[in-house]
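Written below as structure tokens is the structure these notes are about.
Labels below follow one simple rule: chain letters A, B, ... track the order of the sequence lines, proteins then strands, and each chain is numbered from 1.
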Amino acid sequence: MKYRIKFSKFGKMRFIGHLDLLNLFQRAIKRADIPISYSKGFNPHQLISFAIPLPIGMNGYGEYADLNIKDEIEPEYIIKKLNNVMPEGICIINARILDNNEKNCAAALCAADYETDLNYIKKDFNKTIESILFQKEINLEKKGRKKVRIVDIRPLIYDIKVSDTENRKLKFLIATGSKENLKPDLLLEYICKLLDVEYIPYKVNISRNELYRNENNKFVNLFL
Amino acid sequence: MIDEILLQVEKPGRYIGNEINMVSKNPSDVDIRFAFCFPDVYEVGMSHIGLQILYFFFNRRNDTYCERVFAPWTDMEELMRKHNIPLFALETGDSINKFDFVGFTLQYEMSYSNIINMLNLAGISIWSKDRTEDEPIIIAGGPCAYNPEPLADIIDIFYIGEGEVNYDEFLDIYKQYKKQGKSKKEFFERAAKIEGIYIPCFYDVEYKENGEIKEFKRNNINAPKKIKKVIVKELNNVFYPDKQLVPLIETVHDRVTLEVFRGCIRGCRFCQAGYIYRPVREKHSERLINDAKSLVKYSGHEEISLSSLSTGDYREFKELSQGLLEEFSKKNVNIALPSLRIDAFTLELMKKVQEVRKSSLTFAPEAGTQRLRDVINKGITEKEILDGCRLAFEGGWSRVKLYFMVGLPTETEDDLAGIAKLSTKVIEEYYSIPKEKRSKSICVVLSSSCFVPKPFTPFQWEPQDTYEQFLKKQKFVKANLEKKQVKYNYHEVQLSSMEGVLARGDRKVAKAIVKAWELGAKFDGWNEHFKYDIWTKAFEDTGLSMEFYANRKRSYDEILPWDHISIGISKQFFIKEMEKAKKGEITLNCRTECANCGAKCFEGGVCYEVQN
């Protein structure tokens, strides 16, 4: 039986990388005594897969993972059992049974909602942010392993707006996943360039609030 | 601020605490705050079983909050210094300079510069004599505390022996004295009466003109003449945590550790651990299996390892290994076996636990000829090694590791050539097995480390080779290798030389350690950070000779810097062992025949086992 869980990762836990998070989940599942399925083969591992890694330093409030569980158990039971053994900063928000024909969370993912402050920039940025959606193309240099490519990130930005003028916070919905992906850092760097200030990654607090799939050209969060 | 800094360092997970099973207490609810400091990076310290035991041992007391501190990696240190962030404890994030105790575990000599660095980062005075009543009491224990002298002017109190024995009494008295508003000195005088407690400032050392110790004497009548180590008599009843801290980031060993026994029956003459932890005291397999159940349950770890100096000597090994397999093999928990003497039983067991993942098998002959193996009392013969290898090759293993030491007392070129020869013989053994019966390929990994004479061993009077000699010897071994299937690894020679200097250092050496730190020494145990030049300069600048400590032959009647510490084994016994070594005579293991080392005075363990 397949389950999808929605969870948050915040506070001190935002300093833990993706591989460590995977280990943490595996141990938590063992401590919680959830009857997880294991892969076959010489080196069996738990059948658990995440939608997409959350970069170190970012808070995540709508993260997802799929679990293969041997028996049919109540989603509520999974939530309760896991939350009992999780460290502060990881919280299981919801769980549900997946239909057989549903794509796994990584394959279904196509967009993510972010919120960040740019408060260290002591500049008024409302106009700049509003201008972004009016642009036809935004060509940026993207450094690959070997050469620098020019990419147009405009089609990857679905929405962007100021959410708190006073504290210089903004929200944006951008392409995320294995098909099309925009790193929030790249967008923020671009915004800073427009504002003519240096982008200092450790000065900003980014949250990823929700992950979406595409259903009939609408964004639906991965839990629904 | 701290978050901003964490976003700039390589592994922020080292500094956040918050691990599974971390103990949370309200600091205002406790009487004693104890900072348990491991003078190395988080991933190393968190893999240490002693830390896990003492952390939960201290924290089982309601009046004490024990928190952890590790050496921040260089990137973190730089930012901490830049932003004036003092060294903090992981649990509360509080700076440790107002704690009651700052305790260091001394696991290896090359961590001494980190101790100085951590004190400095915490804003605590480096020299014991400079510390005020407001500053924490600096305490230290662990294997290197058996020669406390190189740190005697820095550490206020050494605890010699096993923590479970007297820490409760020690903390009870401290609490009482603190409540009564007594001074540090008053507390020290009282603490000195607890067995195993060594307070260096109560002793003075006088030196001869040649640098040797002339006299070591008390200057305070409350202090004992000799400090005797304390050990747990009956290990079955001793505290062992039912849970373990589970790190959030990958560490050196991510697994449940069972402590099977303490001590070792073997008496290898180069091995300090084989003497300082005497006598051997075992835990019953039943208890260990129960401990394992609980530890796995509360940690979620997928591997259990057995910890001891020589697990193959455990009398209930069969019961334990079979019990663990029964309990855990269906629960996706692996059993990690330590290096064992290879025979039919252990091989069968290895096959069971390792399934198809056949890693390598390890043998530690330590020396290349039987003569030298007898000198060091390493009770393993060439035949045993070759038979073990044969069984392994037939069982499908294709990688064998052989560990040796160079620079052992009485070593000749023959012994060095013997290292190479033994690797050839292992390969010949492989080819003597019919093709269809042996593993597909063969690889022998030969490693040689450099011998470091240690206090409380029969070789404590012996000169150590210089690093130039070590280099020559490594080259000689390499030149003697005949087979292309042999891969030769060798140890950083200058690091071993430095370890040799510090291991048998006296009180004067502290100056050089602090000087080395001033010149930038830190993380010396890490090849990428160790700089020999810094240390030679530090010794020069402080007018000390490294050769005096490392490369000099001492006479039996010289007062050794650690003579006031008693591990229960008489000096006479070590002299006898040294003389036997010279003649190549072996000493049987404790279980076969008591060698009357003196450890019987502890009234427990192997000395009182019913002999078969």
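- Heavy atoms closer than 4.5 Å to chain A are found in both the backbone and the side chain of I249(B).
- Side-chain contact annotation: Q52(B) with T257(B), donor-acceptor N/O pair under 3.5 Å absent.
- Within the model, atoms CH2 of W73(B) and CZ of R14(B) stand 6.5 Å from one another, a figure rounded to the nearest 0.5 Å.
- Ring geometry for F36(B) against F34(B) counts as tilted: the plane angle lies between 30° and 60°, on a 0 to 90° scale.
- Side-chain contact between P72(B) and L87(B): present, with at least one pair of heavy atoms (C-beta onward) separated by less than 4.5 Å.
- Heavy atoms of D3(B) lying under 4.5 Å from chain A belong to its backbone as well as its side chain.
- A cation-pi arrangement is absent between R60(B) and F56(B) under the rule of less than 6.0 angstrom and at most 45 degrees off the ring axis.
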**Message:** Please evaluate residues R168(A) and D164(A) with respect to the criterion salt bridge (Lys or Arg N to Asp or Glu O under 4.0 Å), reporting the C-alpha separation (whole Å), side-chain torsions for both, the decisive distance (0.1 Å), and the verdict.
**Reply:** CA-CA 6 Å; R168(A) 291 186 192 79; D164(A) 180 344; over 6 Å; no
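- Chain B is approached within less than 4.5 Å, heavy atom to heavy atom, by V85(A), P87(A), E88(A) from residues 72-97 of chain A, ordered by number.
- Among residues 17-37 of chain A, the residues having any heavy atom closer than 4.5 Å to a heavy atom of chain B are, in sequence order, D20(A), L24(A), R27(A), K30(A), R31(A).
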For a quick test of your reading: what N or O donor-acceptor pairs under 3.5 Å do the side chains of residues 323-332 of chain B make, sequence neighbours left out?
residue: E327(B); atom: OE2; partner: K331(B); partner atom: NZ; Å: 2.9
residue: S329(B); atom: OG; partner: L325(B); partner atom: O; Å: 2.8

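- Only the side chain of V246(B) comes within contact range of chain A, with at least one heavy atom under 4.5 Å from a heavy atom of that chain.
- For R399(B) and S439(B), the side-chain atoms include no donor-acceptor pair closer than 3.5 Å.
- When only modelled atom types and interatomic distance are considered, N26(B) and S28(B) share a side-chain donor-acceptor pair under 3.5 Å.
- Relative to the six-membered ring of Y65(B), R33(B) misses at least one condition, a distance below 6.0 Å or an angle of at most 45° to the axis.
- Residues of residues 51-70 of chain A lying under 4.5 angstrom from chain B, judged on non-hydrogen atoms, are I56(A), G57(A) by number.
- Ring-centre distance between F38(B) and H48(B): below the 6.0 Å cut-off.
- Between the side chains of S24(B) and E91(B), no donor-acceptor pair is found at a separation under 3.5 Å.
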